[in-house]
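Below: one structure, written as structure tokens.
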Amino acid sequence: MKNKIILGLSLATPLVVNALELKGNQTYTDEINVPVTHDLNKVNGEITSGIRIFSNSNTIFEKNVTVNIQREANRTEDGVSISGMDNAFLPNSASSSTIFNGDLTIHMQGHDSDAISLLGNSTIIVNGKTTLSVSDREWSDAIFISDGNLTLNGESFIDGNISSIENGVLRINNKSIINGDIDASFGGTIILDLASGSKIVGRVSGFGDPDDPDEGNPDTTGIIKMNLAKGASWEITDDNSYLTELSGQGSIKFVNDNSNGNYVELTIENLKGESSFDLRTDIAAEKSDKIIISKSADTNRPISAEGSHTLNLTNNGASNTTGKEKLTLVEIDDNATSTAEFKTNHNVELGGYQYFLNKEGNNYVLTAHPITSSAMASAGFLNSNYLMSYIETQTLLKRLGDIRTSGQFGDVWLRGFSGKLDSFSGGKLTKFDMSYHGFQFGADKQLSEASPFVVGAFVGQTYGDPDYRKGDGSLKSFNTGLYATYLNNDGFYIDGVAKYARQKNHFKVKDTANNHVQGTGHTNGLGLSLELGQKFKLNDFYIEPQSQLSYSHQNATSINATNGLKVKLGNYNSLIGRASALFGYEINSDNNNINIYAKTGIVREFHGDTYYKLNTSKEKHSFKGNWWNNGVGITAQFNQQHNIYLDLESSPGSRFDLLQINGGYRFSF
């Protein structure tokens, strides 16, 4: 900043020749054009500004004014800076007035070339459109004011930095596109009242230049008040920003390059209106863009926050979160008067966890609650695969236990089933439900007419339609295996099954931002099951105690969701025990018989401990629990060859509830 003031002294040199000098009172009714016709490699004897304003002048431009200046030399060569429009240093009592009723256009090419530089007590008003540009951002400003007042009332398009210091006052109204940093320091003032369609790209700071070592001392702050209408935006680049006041309904976005983990803080002394803020977060590293309601140490101005504001957050499924992090996004000074409310556009999904914005004291903090819909669906494959394996094994055992006769040359059979599972509870994987249907086809043969052994093979397909939070999915299970039955004449039997299953899961859900997320997983499983029972007859009635032990192993698998979330499902071993009883009534004739029964029993999972990983965060999961198994059914045999059966089953439990209907047909050769 000091360099700017020193350079300004050289502009007051009376030896230079200007393209247009404003002295006394005059009105220009024609368009004014200062074209690129000057050789500015040698400044002495040449112009240093397109328009120079002198003391006590009063000038009105009725038509458009255009200034184009190109310079190849730099200040180190000739010691002079140039401007598209400037004013000479004026005595304290002196002033000037310049009004542009038409458009004002100033384009500056070259080193140390300001578009507008005001170092004296001038008042300049532009009622038409203002277009300013500079090619040298390091040494040149689109607007630099250390004294006087500049007001832009029409639309403005400014490509270059803006600075106001000491007694400088800049007001920009209407729609404005500004591409450059905006600084006010050492008492300078900038008032931005921007209409819809406006856009600022750059750092805005009422605390001066953060790279200047002399700043940060007492009395270094300026005043910047920004009012953004709905539809106006500000993109914050590079460094932290500092505002005296922010109001309106505009949009503020943090867009600096933070690939190295550098985020930006926006400090506001007074916040009003209904602004929206696009913040970026890396909650795993406890870093983010931040809004701070506070003031610098060298101001005595009051601080306050009011209005309702929205924080726009972006989901990131690839983030390595644990669900235990906290991150402060809005920090409000304890000395501030605050009635403001902050909310998020949606709960933000980071990794496999959802984070909510909560108020803690004066601050607003992100904290985790449930896992995300995509994490729930991915890890939910554990539940759907486990339950599908259980269903397939039980439906097969029903066929073996209910039909205990075999034709001379063997039997073929077909079984269909359909049902619904819901209310699965286990750790963070809750609110799971799935409708399903499937079939099993098999053939078996009694080893001999006198033998108590029947052996067979089967193949089946099961289809599931899981419902997840904010979406659904599909499950396809192919299963095949071998079975054997031992049946004693006194009613004692043993059924054994060895099974292989290949399962494919897919989900499609919406995240909290209403984006579609998909994922697919494949896994294999093996199972062994043994059931035994004893039938006791009491005339036409009977009771049949049963017990079963089932073991299965499910392989691990991984799911890569389309939102970047990587989920690993651990393998697990399942050991299920069942103790139950059938109570039935049989009607027998020579070629036909009908069996009506009811059953009840208790089932327990003894093992079933596993885990899932959401990126790198490991969560435990378990299928351990108890449930009842109840049902009613009927089987009927006609002509000693045709067998049909139908039953309805219900299994309420601590982990899930099941309702299922089963039906099948068996033909004996």
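Below, all heavy atoms of this structure are taken into account, side chains as well, without hydrogens, waters or symmetry copies.
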Handout entry: Under 3.5 Å side-chain donor-acceptor pair for N488 and Y486
Key = yes
Exercise for the section: Report yes or no: do S622 and D609 form a side-chain donor-acceptor pair below 3.5 Å? Expected result: yes
Practice task
Test Y353 against S617 for side chain to side chain donor-acceptor pair (under 3.5 Å), laying out the working first.
Solution key: CA-CA 10 Å; Y353 302 90; S617 179; 2.8 Å; yes
Practice task
Might you confirm whether atom NZ of K253 has over 12 heavy atoms from other residues, nucleotides or ligands at distances under 6.0 Å?
Solution key: no
Practice task
Give a yes or no on whether the backbone of L526 and the side-chain of H553 come within a donor-acceptor separation of less than 3.5 Å.
Solution key: no
Problem - Pairwise distance CG(L266) to CG(N240) - rounded to 0.5 angstrom - result: 9.0 Å
Practice task
May I ask you to check whether H621 and F623 place their ring centres under 6.0 Å from each other?
Solution key: yes
Practice task
Please lay out, stage by stage, how N316 and R280 fare under the test side chain to side chain donor-acceptor pair (under 3.5 Å).
Solution key: CA-CA 10 Å; N316 179 14; R280 299 154 308 171; over 6 Å; no
Problem - V567 side chain near L614 side chain, heavy-atom distance below 4.5 Å - result: yes
Exercise for the section: In sequence, state the C-alpha distance, the side-chain angles, and the governing distance for I602 and W628, and then conclude on side-chain contact (heavy atoms from CB on, under 4.5 Å). Expected result: CA-CA 5 Å; I602 183 72; W628 286 101; 4.3 Å; yes
Problem - Sidechain-backbone polar pair: N345 side chain, L313 backbone, donor-acceptor under 3.5 Å - result: yes
Exercise for the section: Classify the ring geometry between F458 and Y483 as parallel (under 30°), tilted (30 to 60°) or perpendicular (over 60°). Expected result: tilted
Practice task
Could you tell me whether the side chain of F417 reaches within less than 4.5 Å of the side chain of Q440, counting heavy atoms only?
Solution key: yes
Exercise for the section: Kindly indicate whether the side chain of Q660, heavy atoms from C-beta on, has any atom under 4.5 Å from the side chain of Y436. Expected result: yes
Handout entry: Nearest non-hydrogen partners of S384 and M434, listed with the distance
Key = CB-SD, 4.1 Å
Handout entry: Ion pair check, K287 and D282, cut-off under 4.0 Å
Key = no
Exercise for the section: Kindly determine whether Q554 and N571 satisfy side-chain contact (heavy atoms from CB on, under 4.5 Å), including the steps that lead there. Expected result: CA-CA 5 Å; Q554 195 78 16; N571 60 32; 5.9 Å; no
Problem - Polar side chain donor-acceptor pair, Y364 to E341, under 3.5 angstrom - result: no
Practice task
Taking the side chain as every heavy atom from C-beta outward, state whether N358 and H369 have any pair of such atoms under 4.5 Å apart.
Solution key: yes
Exercise for the section: Carefully, step by step, assess T600 and N630 under the rule side chain to side chain donor-acceptor pair (under 3.5 Å). Expected result: CA-CA 4 Å; T600 186; N630 305 305; 2.5 Å; yes
Handout entry: Side chain to side chain, K470 and M376, heavy atoms closer than 4.5 Å
Key = no
Completion exercise
Looking only at heavy atoms, the pair that brings V264 and D289 closest together is N-OD1, 3.0 Å
Problem - N595 side chain to Y542 side chain, donor-acceptor N/O pair below 3.5 angstrom - result: yes
Fill in the blank from the handout: Here the gap from S547 atom OG to L530 atom CG, rounded to the nearest 0.5 Å, amounts to 8.0 Å
Practice task
For the pair Y468 and F507, name the ring-plane relationship: parallel under 30°, tilted 30 to 60°, perpendicular over 60°.
Solution key: perpendicular
Problem - Value rounded to 0.5 Å, distance of OG1 in T512 from NZ in K510 - result: 12.5 Å
Problem - Step-by-step side-chain contact (heavy atoms from CB on, under 4.5 Å) determination, L387 to L658 - result: CA-CA 10 Å; L387 294 171; L658 177 147; over 6 Å; no
Handout entry: Closest non-hydrogen atom pair, G519 against H506
Key = O-ND1, 3.2 Å
Exercise for the section: Keeping the roles fixed (side chain from S233, backbone from S251), state whether a donor-acceptor pair exists under 3.5 Å. Expected result: no
Completion exercise
Closest non-hydrogen contact found for S374 with L565 is OG-CD2, 3.7 Å
Exercise for the section: List the steps, then state whether side-chain contact (heavy atoms from CB on, under 4.5 Å) holds for D444 with T485. Expected result: CA-CA 10 Å; D444 52 50; T485 297; over 6 Å; no
Exercise for the section: Would you check if T523 and L569 make a side-chain contact, meaning some heavy-atom pair closer than 4.5 Å? Expected result: no
Practice task
Evaluate whether atom NE2 of H516 has more than 12 neighbouring non-hydrogen atoms of other residues, nucleotides or ligands under 6.0 angstrom away.
Solution key: no
Handout entry: Heavy-atom donor-acceptor pair, T281 side chain to I283 backbone, under 3.5 Å
Key = no
Practice task
To the nearest 0.5 angstrom, please state how far the OG1 atom of T367 sits from the NZ atom of K326.
Solution key: 6.5 Å
Practice task
Give a yes or no on whether E286 atom CD has more than 12 heavy-atom contacts from other residues, nucleotides or ligands under 6.0 Å away.
Solution key: no
Exercise for the section: Please round to the nearest 0.5 Å and tell me the distance separating atom NZ of K568 and atom CD1 of I559. Expected result: 11.5 Å
Practice task
From the options Y390, Y386, W627, select the one residue that forms a side chain to side chain donor-acceptor pair (under 3.5 Å) with E605.
Solution key: Y386
Exercise for the section: Over all heavy atoms of both residues, which pair between N315 and A513 is shortest? Give the atoms and the distance, please. Expected result: ND2-N, 3.7 Å
Handout entry: Heavy-atom check, side chain of V509 versus side chain of R469, under 4.5 Å
Key = no
Practice task
For a side chain to side chain contact (heavy atoms under 4.5 Å, CB included) with R415, tell me which candidate from Y645, F439, F441 qualifies.
Solution key: Y645
Practice task
Verify whether one side chain among H346 and N514 offers a donor that lies under 3.5 Å from an acceptor in the other.
Solution key: no
Fill in the blank from the handout: Shortest non-hydrogen pair, L475 vs N385, comes out as CD1-OD1, 3.7 Å
Handout entry: Under 3.5 Å side-chain donor-acceptor pair for T328 and N363
Key = no
Problem - Modelled atom types, side-chain donor and acceptor of S550 and Q548, under 3.5 Å - result: yes
Exercise for the section: Assign the ring pair Y585 / F541 to parallel, tilted or perpendicular, where the plane angle (0 to 90°) is split at 30° and 60°. Expected result: tilted
Exercise for the section: Would you indicate whether N539, at its atom CG, is surrounded by more than 12 heavy atoms from other residues, nucleotides or ligands within a distance under 6.0 Å? Expected result: no
Exercise for the section: Give a yes-or-no answer on whether the side chains of E392 and S389 include a donor-acceptor pair shorter than 3.5 Å. Expected result: no
Exercise for the section: Could you tell me whether a side-chain N or O of T321 sits under 3.5 Å from a main-chain N or O of L350, the two making a donor and an acceptor? Expected result: yes
Handout entry: Check: N479 and T462 side chains under 4.5 Å, non-hydrogen atoms
Key = yes
Handout entry: N/O donor-acceptor pair under 3.5 Å between N615 side chain and K566 backbone
Key = yes
Fill in the blank from the handout: Rounding to 0.5 Å, atoms CD (Q637) and CD1 (I594) come to a distance of 11.0 Å
